Each structure stands twice: as structure tokens, then as C-alpha cells.
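Below are the C-alpha cells for one structure; questions will follow.
These numbers were taken from a predicted model, which means no experiment stands behind them. Only this structure's heavy atoms are used, side chains among them; waters, hydrogens and symmetry mates stay out.
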Amino acid sequence: MIKSLVGGVIAATAFVMLSSSAIAGPEVVKGPAAEPDCFAPWAADTQFFKYPKKDGPYRIALANGYIANTWRIQMIQTAKAYAAQPDVAKKLKEFKVVSTGEDVPAQISAINNFIDSGFDAIVVNAQNPTAFGPVIKRAKEAGVILVAFDNILDTKDAINVNVDQKGLGELWGKWLVSHVPNGGKVLEVRGVAGTSVDTDRHNGIHEVLDGSGKKWEVTEVVGKWDDGVAQKATADAIATSGPFDGITGQGGDTGIVQAMIDAKHPFVPFGGETENGFRKFCAAHAADGLKCSSAGTGPAQVAVAIKTAIAALEGNVVPQSVKLPLAIVEDPNFKAGQDFFPDQSDNFFVGNSFPTCGINFTAQEIMGQTKENK
């Protein structure tokens, strides 16, 4: 009886120790990060993490949500292209991709499945920043590294990789303020409702407009960062609320300009994303009044997220929140072959590289991949 009791106490103690170790998560350490030029901390008070080192090769999964636009499709293709690069592929035992659409519970279920299947790390483009609390806790308890990018997670228990999305909205707002000197009517074409990117960009635009001292009348429509959806939403807005003195679009900007052309709407100042087709229009019609600020972040964000996950698995120091640079080109500086590519697809996002991270892709590398789950 005593022997049995002692054995039970030892087993229970060991279980508690193991559980406590897992729940403790990474060690908080001093910076800088292992690759400071790539893994730049978001702010001066950003914490630095050091996870227990694991031996590779690793099993890493990408849990994507929304897929029905060109940025997300190119993002999936970029993830596969990055995982296929020889220096990366040798570190991966398995790379799995799942896209679950706009269904938040389905995305959470996919992450849970990856945890249950023993994946070492999961990168996620989250449909909602606040709905993932329980699965974040599960990942931490299981010792699975969770890296969110683009649409990030509202937590300190996962790594976030992103550009300053609110700052991007502020940039577009400032472009309109400086190019529409007397204020006026603005069309704002938003992204996917409920995502952190849409909310942050929207808030940035409106803080600048509201603080400008000018009078603005803003018509908001939903374009879902998609050319077709944005084109129809813009056409409807022009018909019911136009004409406009300025436009800002979070994506689908090639479709927005096409709707202006179809409706014979005058070209006006435009703050938009980095689609190749949009930049073609900006260069071609600058003299006609289409004065553009084209800024954003390429889908290669996903490659930085995967790189961050691998670095963390290898026991390297990484920031809890990684800040990436924006890709910005503004009128009159659109140069063919550098800022846009006349012979490439309109749907291709330009600026899809992060040189400070050693991440550069050709259009051929990316377009050779598929968007399907694998």
C-alpha cells in the first residue's frame, strides 16, 4: 500500500511538473532577435521569446481562413514556394495547408486538428482577432508554436507578424487630405468584415480624415479585397452616391478603377493597395487625374511567418510581435519593370519580397504553385 501510494505521488508530481512546464510556454528574454534586421520588434516594449529547442525536421501547418481573392491565393502559392526552397525544405518533415473560408469555428477546428496531430508549429491568418482564446491556450499547453500573420491574434501567448495596418490606413487618409484640398465626397472600399486588417485600415483612414479639419462625406462599401466584388460595389456606389472627389480601397483596386472607367467617372486621387493592375492604371492615367498612393504588404508575409516559426523551433530568440516594412510607391514615381510589370497578370501583388529576411520571389516561382489544400 505504501509503495503504491508513493508511486502514485511520484507519478502525480511528474504530471504536474510536465504540465507546468508546457503551460509556462517560452522563456521571456532580452533582445535582440537572432536576425534583428528581419525579426524587428513591433515597439520598444515588445517582449522577446526563446522557446525550448526542438530537433528537426519539423511539421508545420498553415491554417488559412478566407481564400476568395487574389492576395490570399498568391499567399498560399507563396507559402508553398517558400516551403519548397531547398534551404527551407530540408528543415521540414511536412508542410500542410488548409483554407477554411470565412467560418471562424472551422478555422479553429483546423488548428485544433493540427495540435492533435502533433504538428510542431502552426501559422495562421486569423478570421477574427479575439475568437481564438481557447485554441491559443491549447497550443501553448501542447508546446505548439503559434504564429499569426496579416490578420493577427489579440494575445501575448502567440507570435504576431504584420505590417502597421492602421498606419497603412493613415497613409491613404493623408494622401486624400493632401490631394483633395477642400474636402469632399470619398468612396471607401473596405475588405472582409470582422478581420483585424479591415478594422485597423478603416480606423486609420478615418482618424486622419476626422482630424484634418476638412469636411468629408464618406460612402463605405464592402469589396472583400477582390477585384470582381470591389468592381460591382464601386459601380453601385457611383450610380447611387457618386460622383466622388477621392477613393480609397483596401484591395480589389484594379476592379475599382475599371468600374470608374466603365461608368465614365472622372479620375480622382486614389489611395490603394499594391496590385499590378492597379499600378498599371496609375501609371497610364496619372495625367488624367488618377493620382495614386499604392502601398501595402505582399503575400510573402506568410514566408516571414514560416521563417519565424522555424527560428523559434530552433531555439532562437524572436520578438513576440514582428513588424514588417510596407511597400510604397506614389505618383509620379511608378516605373515599369520595377514598380509594376506590364507583361504580368493584373492580379499579381507587387512588392512581394522582404529582402531583410532573405525572402525574394519571382512571379514564376509563385504562379507555379496551386491554391488548393495539401
> Do the side chains of V98 and F149 join up, straight or via other hydrophobic residues, at under 4.5 Å, putting them in one cluster?
Replying inline: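 Different clusters: V98 never reaches F149 through Ile, Leu, Val, Met, Phe, Trp or Tyr contacts under 4.5 Å.
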> Should V180 and F244 count as side-chain neighbours, where that means a heavy-atom distance under 4.5 Å?
Replying inline: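 SC-SC contact between V180 and F244 ruled out.
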>> Return the OG to NZ distance between S293 and K174, rounded to the nearest 0.5 Å.
In response: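 Output value for this atom pair is 11.0 Å.
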>> Between D45 and Q47 (side chain of the first, backbone of the second, donor and acceptor by atom type, cut-off under 3.5 Å), is there such a pair?
In response: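 Side chain of D45 to backbone of Q47, a donor-acceptor pair under 3.5 Å: no, none is there.
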>> If I compare all heavy atoms of A83 with all of L92, which pair ends up nearest, and what's the gap?
In response: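 Here A83 and L92 meet closest at CB-CD1, 3.8 Å.
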> Do side-chain atoms of K93 reach the backbone of G56 as a donor and acceptor pair under 3.5 angstrom?
Replying inline: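 Checked: no pair found.
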> Between T248 and E188, does any side-chain donor sit less than 3.5 Å from a side-chain acceptor?
Replying inline: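 E188 and T248 do not have a side-chain donor-acceptor pair below 3.5 Å.
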>> Is any side-chain heavy atom of V268 closer than 4.5 Å to one of D245?
In response: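 Result no, sub-4.5 Å side-chain heavy-atom pair not found.
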>> I'd like to know if Y58 and I111 are part of one continuous hydrophobic network [Ile/Leu/Val/Met/Phe/Trp/Tyr, side-chain heavy atoms within less than 4.5 Å].
In response: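 Hydrophobic grouping puts I111 apart from Y58.
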> Is there a side-chain contact between F48 and P41 (heavy atoms, below 4.5 Å)?
Replying inline: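 Yes, close enough: below the 4.5 Å cut-off.
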> Which atom names give the shortest non-hydrogen contact between D227 and G255, and what distance separates them?
Replying inline: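 Here D227 and G255 meet closest at OD1-N, 3.2 Å.
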>> With rounding to the nearest 0.5 angstrom, report the NZ to CZ distance, K80 to F95.
In response: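 Those atoms lie 8.5 Å apart.
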> What distance separates T70 OG1 from W225 CH2, expressed to the nearest 0.5 Å?
Replying inline: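 Atom-to-atom, T70:OG1 and W225:CH2 are 12.0 Å apart.
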> Atom CH2 of W71 and atom OG1 of T297: how far apart are they, to the nearest 0.5 Å?
Replying inline: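 Answer for the CH2-OG1 pair, W71 versus T297, is 6.0 Å.
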> Does the side chain of N373 come within less than 4.5 Å of S99's, by heavy atoms?
Replying inline: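 Touching, per the 4.5 Å side-chain cut-off.
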>> Testing the basics here: between V186 and W216, what is the closest heavy-atom pair and its distance to 0.1 Å?
In response: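 That closest heavy-atom pairing would be CG2-CE3, 3.5 Å.
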> To the nearest 0.5 Å, what is the distance between CG (L171) and NZ (K166)?
Replying inline: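 Output value for this atom pair is 14.5 Å.
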> Is a salt bridge present between D198 and K224, judged by a nitrogen-to-oxygen distance below 4.0 Å?
Replying inline: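 So D198 does not pair with K224 through a salt bridge.
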>> As a quick check of understanding, evaluate side chain to side chain contact (heavy atoms under 4.5 Å, CB included) for E220 and H206, giving each step before the final call.
In response: CA-CA 11 Å; E220 296 180 25; H206 282 263; 3.7 Å; yes
>> Pair R138, D116 - check salt bridge (Lys or Arg N to Asp or Glu O under 4.0 Å), show working.
In response: CA-CA 10 Å; R138 280 204 70 215; D116 292 338; 2.6 Å; yes
>> Tell me whether K96 contacts the main-chain N or O of L62 through its side chain, where contact means a donor paired with an acceptor under 3.5 Å.
In response: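 No, K96 side chain to L62 backbone: no donor-acceptor pair under 3.5 Å.
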> If you round to the nearest 0.5 Å, how far is CD1 of I73 from CG of N64?
Replying inline: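 Going from CG on N64 over to CD1 on I73, the span is 10.5 Å.
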> Backbone N or O of D331 within a donor-acceptor pair of the K291 side chain at under 3.5 Å?
Replying inline: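 Judged by distance alone, no pair lies under 3.5 Å.
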>> Between V208 and L176, does the side chain to side chain contact (heavy atoms under 4.5 Å, CB included) criterion hold? Intermediate values first, please.
In response: CA-CA 9 Å; V208 170; L176 294 179; over 6 Å; no
>> Under a 3.5 Å distance rule, please check whether T46 uses its side chain to pair with a backbone N or O of A43 as donor and acceptor.
In response: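 Flag set: sc T46 to bb A43 pair under 3.5 Å.
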> Under a 4.5 Å cut-off applied to non-hydrogen side-chain atoms, are N162 and Q301 in contact?
Replying inline: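 Side-chain contact under 4.5 Å: yes.
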>> Tell me whether S345 contacts the main-chain N or O of N347 through its side chain, where contact means a donor paired with an acceptor under 3.5 Å.
In response: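 Present.
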> Any idea how Y51 and F49 line up, ring-wise: parallel (<30°), tilted (30 to 60°), or perpendicular (>60°)?
Replying inline: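 The rings of Y51 and F49 stand perpendicular, inter-plane angle above 60°.
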> Side chains of R190 and Q250: is there a donor and an acceptor less than 3.5 Å apart?
Replying inline: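 No donor-acceptor contact under 3.5 Å links the two side chains.
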>> Counting only heavy atoms not in K371 (residues, nucleotides, ligands), do more than 12 fall under 6.0 Å from its NZ?
In response: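 No, the 6.0 Å shell around NZ holds no more than 12 heavy atoms from other groups.
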> Side chain of T155, backbone of D157: donor and acceptor closer than 3.5 Å?
Replying inline: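 Here the side-chain-to-backbone pair exists.
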>> Do I306 and I366 land in one hydrophobic cluster if side-chain heavy atoms of ILVMFWY residues count as linked below 4.5 Å?
In response: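 I306 and I366: one cluster.
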> Sub-3.5 Å donor-acceptor pair from the side chain of E275 to the main-chain atoms of G252, do we have one?
Replying inline: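 Answer holds: yes.
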> Name the one of K91, R59, K54, K53 that satisfies salt bridge (charged side-chain N to carboxylate O under 4.0 Å, His left out) with D120?
Replying inline: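 Testing each of K91, R59, K54, K53 against D120, the sole residue satisfying salt bridge (charged side-chain N to carboxylate O under 4.0 Å, His left out) is K54.
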>> For a quick test of reading the model, state the closest non-hydrogen atom pair linking P299 to N352 and the distance between them.
In response: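 What the structure gives for the nearest pair is N-OD1, 3.0 Å.
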>> Same cluster or not: V123 versus I108, using hydrophobic residues (I, L, V, M, F, W, Y) connected whenever any side-chain heavy atoms lie under 4.5 Å apart?
In response: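 In one cluster with V123: I108, no.
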> How about Q258 and D262: do any of their side-chain heavy atoms sit closer than 4.5 Å?
Replying inline: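 Q258 reaches D262 side chain to side chain.
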> Looking only at heavy atoms, what is the nearest atom pair of P319 and F39, with distance?
Replying inline: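 Scanning both residues completely, I find the closest heavy atoms to be CG-O, 3.3 Å.
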> Between the side chain of Q107 and the main-chain N/O of Q127, is any donor-acceptor distance below 3.5 Å?
Replying inline: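 Pair found, side chain donor or acceptor close to backbone of Q127.
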>> With heavy-atom distances below 4.5 Å as the criterion, would you say the side chains of T234 and L187 are in contact?
In response: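 Yes, close enough: below the 4.5 Å cut-off.
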> side chain to side chain contact (heavy atoms under 4.5 Å, CB included) between V304 and I359: does it pass, once the steps are laid out?
Replying inline: CA-CA 8 Å; V304 182; I359 292 172; 3.7 Å; yes
> Between F270 and F278, is the gap from one ring center to the other below 6.0 Å?
Replying inline: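 Centroid separation for F270 and F278: below 6.0 Å.
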> Is the backbone N or O of F341 less than 3.5 Å from a side-chain atom of N276, with the two atoms forming a donor-acceptor pair by type?
Replying inline: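 Yes.
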> Which heavy atom in V104 sits nearest to a heavy atom in N128, and how many Å separate them?
Replying inline: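 So the minimum-distance heavy-atom pair works out to CG2-CB, 4.2 Å.
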> If we only count heavy atoms from C-beta on, is the F281 to I261 side-chain gap below 4.5 Å?
Replying inline: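 Result yes, sub-4.5 Å side-chain heavy-atom pair found.
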> Going hydrophobic residue to hydrophobic residue with side-chain gaps under 4.5 angstrom, can you get from L326 over to W172?
Replying inline: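 Yes, because L326 and W172 connect within a single hydrophobic cluster, where side-chain heavy atoms sit under 4.5 Å apart.
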>> As a quick check of understanding, evaluate side chain to side chain contact (heavy atoms under 4.5 Å, CB included) for R72 and D150, giving each step before the final call.
In response: CA-CA 10 Å; R72 290 296 181 100; D150 188 36; 4.1 Å; yes
>> Whether the D37 and T356 side chains hold a donor-acceptor pair (N or O, under 3.5 Å, no angle test) is what I'd like checked.
In response: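 No, no side-chain donor-acceptor contact under 3.5 Å.
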